[in-house]
Amino acid sequence: MSYIEILVAIAIVVAVIARQLRGEALTGRRVMVLPVVLTVIGLALLRNEHPTSTDVVCLVAGGLLAFGIGAGQGAMTRLEPRAGVTWARMPAAGLWLWALLVVTRLGLTVVAHTLDAKVAASSATILLALGINRLGQAVVLVPRLLSSGMEFAPERDGRTFPDQMAQRFSPPPLDNQPPGQVYGANQPPPYTRYRQGDGLDSLRSRRRQRRARRYNDWR
């Protein structure tokens, strides 16, 4: 077992619990990016391992339990508008779900040791289970937020996380389009000043003229 991995996981859990009990502005980056980062790190820690079929069964069972507990945490989180932003807070009863997550993790570790599933029993799977748990919370929390009509709190640059992603993956502006304007916004549809088929008729006419010139030159 790596004690560094265990200490890192404990530090993350303590920080997350403290923020949830205190309450915080709900930002999209924290809700959606952190779970993905933890899950990717957890998978990266397993890249050099060689899990057996028993390991896979234990890992899948642990992932389903962690995801289900995270979904319960997402359903229990209270959402409310505060000072113009969405505020999220976990009630004290949510500590029981965190305790359940720890108990199930310890129980699966004991079972994995009994079944000689060394990979599933190792500390390398702790961050993976934590990331899946956070994914379960996000899967429930994000639809709740969107259906309520509230929005994510802005990030440090003043934009919400969905707006940041939309701008990052949007096409570059045209030469006559001011920066920051969404591509296609307030732009007239192409070829509106031409009747449908004019461009094709013009192309056919030019081809006929070229063929006529070549025929006359041949003669």
Side-chain angles (χ1 to χ4, degrees), residues 5 8-47 59-102 104-105 124-172 180 182-183 185:
E5 295 170 359
V8 169
I10 293 175
I12 293 175
V13 170
V14 171
V16 171
I17 292 176
R19 289 202 309 262
Q20 288 182 339
L21 294 179
R22 183 179 64 249
E24 60 180 349
L26 189 64
T27 61
R29 186 181 298 274
R30 183 168 295 166
V31 173
M32 295 186 287
V33 175
L34 178 61
V36 175
V37 171
L38 290 176
T39 304
V40 170
I41 294 176
L43 292 174
L45 293 175
L46 297 176
R47 68 183 184 277
L59 289 173
V60 171
L64 291 175
L65 288 173
F67 188 90
I69 294 172
Q73 292 169 332
M76 185 177 291
T77 301
R78 297 173 181 172
L79 301 176
E80 59 182 10
R82 183 181 299 185
V85 299
T86 303
W87 195 262
R89 188 176 68 84
M90 173 78 73
L95 292 175
W96 289 107
L97 290 178
W98 280 109
L100 180 61
L101 180 64
V102 174
T104 55
R105 172 61 197 175
T125 61
I126 295 178
L127 290 181
L128 177 61
L130 185 58
I132 295 175
N133 172 261
R134 298 293 84 201
L135 283 175
Q137 177 184 261
V139 166
V140 174
L141 199 58
V142 173
R144 282 187 58 203
L145 174 70
L146 298 179
S147 63
S148 66
M150 294 184 286
E151 297 181 352
F152 286 108
E155 307 290 340
R156 293 182 179 180
D157 59 359
R159 297 175 298 170
T160 61
F161 180 71
D163 293 337
Q164 291 176 338
M165 292 295 100
Q167 185 172 358
R168 176 173 298 182
F169 293 104
S170 61
V182 179
Y183 177 75

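In what follows, residues are counted from 1 in the order of the sequence shown.
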Exercise. Output yes when Glu80 and Arg89 qualify as a salt bridge under the 4.0 Å nitrogen-oxygen rule, no when they do not.
Key: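 Judged by the 4.0 Å cut-off on N to carboxylate O distance, Glu80 and Arg89 do not form a salt bridge.
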How close do [X] and [Y] get, heavy atom to heavy atom, and via which atoms?
{"X": "Trp87", "Y": "Arg82", "value": "NE1-NH1, 3.2 Å"}
{"X": "Leu130", "Y": "Ala9", "value": "CD2-O, 4.3 Å"}
{"X": "Gly63", "Y": "Ile132", "value": "O-CG2, 3.4 Å"}

Practice problem: List in chain and number order the residues that pass side-chain hydrogen bond (donor to acceptor under 3.5 Å, both in side chains) with Arg144, two or more places apart in sequence or in another chain; answer none if no residue qualifies. | Solution: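 In terms of side-chain hydrogen bond (donor to acceptor under 3.5 Å, both in side chains), with neighbours along the sequence ignored, Arg144 is linked to no residue.
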For the [atom1] atom of [X] and the [atom2] atom of [Y], what is their distance to the nearest 0.5 Å?
{"X": "Leu65", "Y": "Arg105", "atom1": "CG", "atom2": "CZ", "result": "11.5 Å"}
{"X": "Arg19", "Y": "Glu24", "atom1": "CZ", "atom2": "CD", "result": "5.0 Å"}
{"X": "Ile12", "Y": "Ile126", "atom1": "CD1", "atom2": "CD1", "result": "10.5 Å"}
{"X": "Leu141", "Y": "Leu146", "atom1": "CG", "atom2": "CG", "result": "9.5 Å"}
{"X": "Leu59", "Y": "Leu64", "atom1": "CG", "atom2": "CG", "result": "11.0 Å"}
{"X": "Thr86", "Y": "Leu145", "atom1": "OG1", "atom2": "CG", "result": "5.0 Å"}

Quiz item: Taking it one step at a time, do Leu45 and Leu128 satisfy side-chain contact (heavy atoms from CB on, under 4.5 Å)?
Solution: CA-CA 9 Å; Leu45 293 175; Leu128 177 61; over 6 Å; no
Distance-only donor-acceptor pairs under 3.5 Å for side chains of residues 34-41, two or more places apart:
unit_1, atom_1, unit_2, atom_2, d
Thr39, OG1, Pro35, O, 2.8

Quiz item: Between the side chain of Asn133 and the main-chain N/O of Phe67, is any donor-acceptor distance below 3.5 Å?
Solution: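 Not at all, since once roles are kept as given, no pair shorter than 3.5 Å links the two residues.
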